[in-house]
**Q** 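One structure, as structure tokens, below. Some questions next.
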Amino acid sequence: MGERPSYDEYFMEMAHVVSKRSTCLRRKVGAILVKDKHILSTGYNGAPKGLKHCSEVGCLREQLNVPSGERHELCRGLHAEQNAIIQAAVFGTSIRDSVLYCTNTPCVVCVKMLINAGVKEIVFAGNYPDDLAKTMLVESKIKIRKFNHIKEKKTQKHT
């Protein structure tokens, strides 16, 4: 039997599992909002409910050679973070003071939503190229940190 994962490992692994539902052709992203060690909502990037997915109709941003991190309005999909926020709203769940576990750093649109929703911390696995998002996060009160699997394993052994 393997070692028991830390909460960061547990929730980040779940975010990666959630990302497998993504229908994006460019980047599969998963997000989980957690409070008091309980999952409030999840989200992955993809088209709105009932609409055709990019995997069915193609990617306009890809066709136009739009670089990653630019021209979000040309994408038919919602971001994982947006879907996690929307899922919480649909079910009447407050995400104030929650922690976002995400497979990538959020874009500027998602950062603005997370700030206004009262999310207190973001734990991310991979980077996303959005300098304005990084600037706004520094300016906000949201704590942000990169998930470090190796550090987690070492820390866990000593606790």
Side-chain angles (χ1 to χ4, degrees), residues 5-55 59-61 66-149 151-152:
S6 69
Y7 279 109
D8 275 354
E9 290 170 319
Y10 176 65
F11 293 128
M12 190 57 73
E13 186 170 338
M14 286 187 178
H16 282 285
V17 170
V18 170
S19 76
K20 293 178 181 182
R21 291 280 306 153
S22 171
T23 55
C24 181
L25 300 174
R26 297 179 95 181
R27 181 188 306 257
K28 296 192 180 304
V29 180
I32 296 183
L33 285 162
V34 175
K35 187 172 183 179
D36 298 327
K37 299 177 183 165
H38 293 278
I39 296 171
L40 302 175
S41 68
T42 66
Y44 55 87
N45 53 333
K49 288 180 184 180
L51 301 186
K52 290 185 179 186
H53 295 283
C54 302
S55 56
C59 175
L60 180 59
R61 294 176 74 236
V66 176
S68 185
E70 296 180 16
R71 305 291 314 270
H72 301 285
E73 76 280 4
L74 295 176
C75 179
R76 68 185 290 114
L78 289 122
H79 287 186
E81 304 91 325
Q82 293 167 339
N83 275 323
I85 292 167
I86 292 165
Q87 184 185 74
V90 166
F91 290 102
T93 303
S94 172
I95 59 171
R96 179 182 291 143
D97 296 325
S98 65
V99 177
L100 175 78
Y101 286 85
C102 196
T103 57
N104 289 94
T105 52
C107 74
V108 68
V109 174
C110 292
V111 163
K112 291 185 281 187
M113 295 173 81
L114 294 164
I115 291 168
N116 278 0
V119 170
K120 70 176 182 180
E121 183 177 5
I122 296 169
V123 182
F124 66 95
N127 287 314
Y128 185 75
D130 193 326
D131 291 337
L132 183 54
K134 291 171 185 157
T135 300
M136 292 185 85
L137 278 169
V138 168
E139 195 177 332
S140 78
K141 294 179 180 175
I142 296 178
K143 177 182 175 186
I144 185 161
R145 63 186 167 91
K146 184 169 177 67
F147 172 73
N148 185 340
H149 184 71
K151 179 181 172 187
E152 287 296 317

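What you are looking at is a predicted structure, and each value in this text was computed from that prediction instead of being measured. Side chains are part of it too, since the values below use all heavy atoms of this structure and drop only hydrogens, waters and symmetry mates.
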**Q** Taking the side chain as everything from C-beta on, heavy atoms only, tell me whether Val111 gets closer than 4.5 Å to Ser140.
**A**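 The answer is no; the side chains never approach within 4.5 Å.
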**Q** Atom OG in Ser94, atom CG in Leu33: separation rounded to 0.5 Å?
**A** 10.5 Å
**Q** Can you name the closest pair of heavy atoms from Arg27 and Pro129 and give their distance?
**A** NH2-CD, 4.0 Å
**Q** For the pair Asn45 (side chain) and Ser22 (backbone), establish whether a donor and an acceptor sit closer than 3.5 Å, ignoring hydrogens and angles.
**A**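 No, Asn45 side chain to Ser22 backbone: no donor-acceptor pair under 3.5 Å.
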**Q** State the CD-OG distance between Glu13 and Ser6, to the nearest 0.5 angstrom.
**A**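 Here the interatomic distance stands at 10.5 Å.
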**Q** Any side-chain heavy-atom pair from Asn83 and Arg21 closer than 4.5 angstrom?
**A**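 With C-beta onward as the side chain, the pair stays apart.
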**Q** Should Asp8 and Tyr101 count as side-chain neighbours, where that means a heavy-atom distance under 4.5 Å?
**A**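 Contact flag for Asp8/Tyr101 side chains = yes.
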**Q** Kindly compute the distance separating CD (Glu81) from SG (Cys107), expressed to the nearest 0.5 Å.
**A** 6.5 Å
**Q** For Lys35 and Arg96, indicate whether the former's side chain and the latter's backbone hold a donor-acceptor pair under 3.5 Å.
**A** yes
**Q** To the closest 0.5 Å, what do you measure between CD1 (Ile86) and NZ (Lys49)?
**A** 9.5 Å
**Q** Tell me whether Glu121 contacts the main-chain N or O of Lys143 through its side chain, where contact means a donor paired with an acceptor under 3.5 Å.
**A**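 No: the side chain of Glu121 does not pair with the backbone of Lys143.
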**Q** Side chains of Thr42 and Met14, heavy atoms from C-beta outward: is any pair under 4.5 Å?
**A** no
**Q** Going by heavy atoms in the side chains, are Thr93 and Ser41 under 4.5 Å from each other?
**A** no
**Q** Can a donor-acceptor pair be found, under 3.5 Å and without considering hydrogens, that links the side chain of Asn104 to the backbone of Tyr128?
**A**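 Absent.
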**Q** Measure the spacing between CD of Gln87 and CG of Leu40 and express it to the nearest 0.5 Å.
**A**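 Taking CD in Gln87 and CG in Leu40, the distance rounds to 10.0 Å.
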**Q** Set out, in order, the CA-CA distance, both residues' side-chain angles and the distance that settles side-chain contact (heavy atoms from CB on, under 4.5 Å) for Val138 and Lys134, then state yes or no.
**A** CA-CA 6 Å; Val138 168; Lys134 291 171 185 157; 5.7 Å; no
**Q** Please report the C-alpha distance between Ile142 and Ile115 in whole Å, then the side-chain angles of each, then the deciding distance to 0.1 Å, and finally whether the side-chain contact (heavy atoms from CB on, under 4.5 Å) criterion is met.
**A** CA-CA 7 Å; Ile142 296 178; Ile115 291 168; 3.7 Å; yes
**Q** Of all the heavy-atom pairs spanning Leu78 and Pro48, show the shortest one and how long it is.
**A**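 Distance-wise, the nearest heavy atoms are CD1-CG, 3.8 Å.
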**Q** Ignoring hydrogens and angles, tell me if any N or O in the side chain of Arg61 forms a donor-acceptor pair with the backbone of Ser68 under 3.5 Å.
**A** no
**Q** Please find the pair of heavy atoms, one from Ala15 and one from Ile32, that lie closest to each other, and give the distance.
**A**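 Residues Ala15 and Ile32, closest heavy atoms: N-CD1, 3.4 Å.
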**Q** Are the side chains of Thr105 and Ile122 in touch, meaning some heavy atoms are under 4.5 Å apart?
**A** no
**Q** With a 4.5 Å heavy-atom cut-off, do Ile39 and Phe11 have their side chains touching?
**A**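 Yes. Closest side-chain heavy atoms under 4.5 Å.
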**Q** Apply side-chain contact (heavy atoms from CB on, under 4.5 Å) to the pair His79 and Val29, showing each step before the final yes or no.
**A** CA-CA 8 Å; His79 287 186; Val29 180; over 6 Å; no
**Q** How long is the straight-line distance from SG of Cys102 back to CZ of Phe124, given to the nearest 0.5 Å?
**A** 10.0 Å
**Q** Counting N and O atoms only, with roles assigned by atom type, does the side chain of Thr103 sit under 3.5 Å from a partner on the main chain of Gly30, one being a donor and the other an acceptor?
**A**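 Confirmed, Thr103 side chain pairs with Gly30 backbone.
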**Q** Might you work through the side-chain contact (heavy atoms from CB on, under 4.5 Å) test for Asp130 and His72, ending with a clear yes or no?
**A** CA-CA 11 Å; Asp130 193 326; His72 301 285; 3.9 Å; yes
**Q** Are Val123 and Val99 side-chain neighbours, meaning at least one heavy-atom pair lies under 4.5 Å?
**A** yes
**Q** For His16 and Ala125, work out which heavy atoms get closest and say how close.
**A** NE2-CB, 3.8 Å
**Q** When you look at NZ of Lys146, are more than 12 heavy atoms from neighbouring residues, nucleotides or ligands closer to it than 6.0 Å?
**A**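 Yes, NZ of Lys146 has more than 12 neighbouring heavy atoms, counting only those of other groups under 6.0 Å.
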**Q** Any side-chain to backbone donor/acceptor pair from Arg76 onto Leu60? Under 3.5 Å, distance only.
**A** no
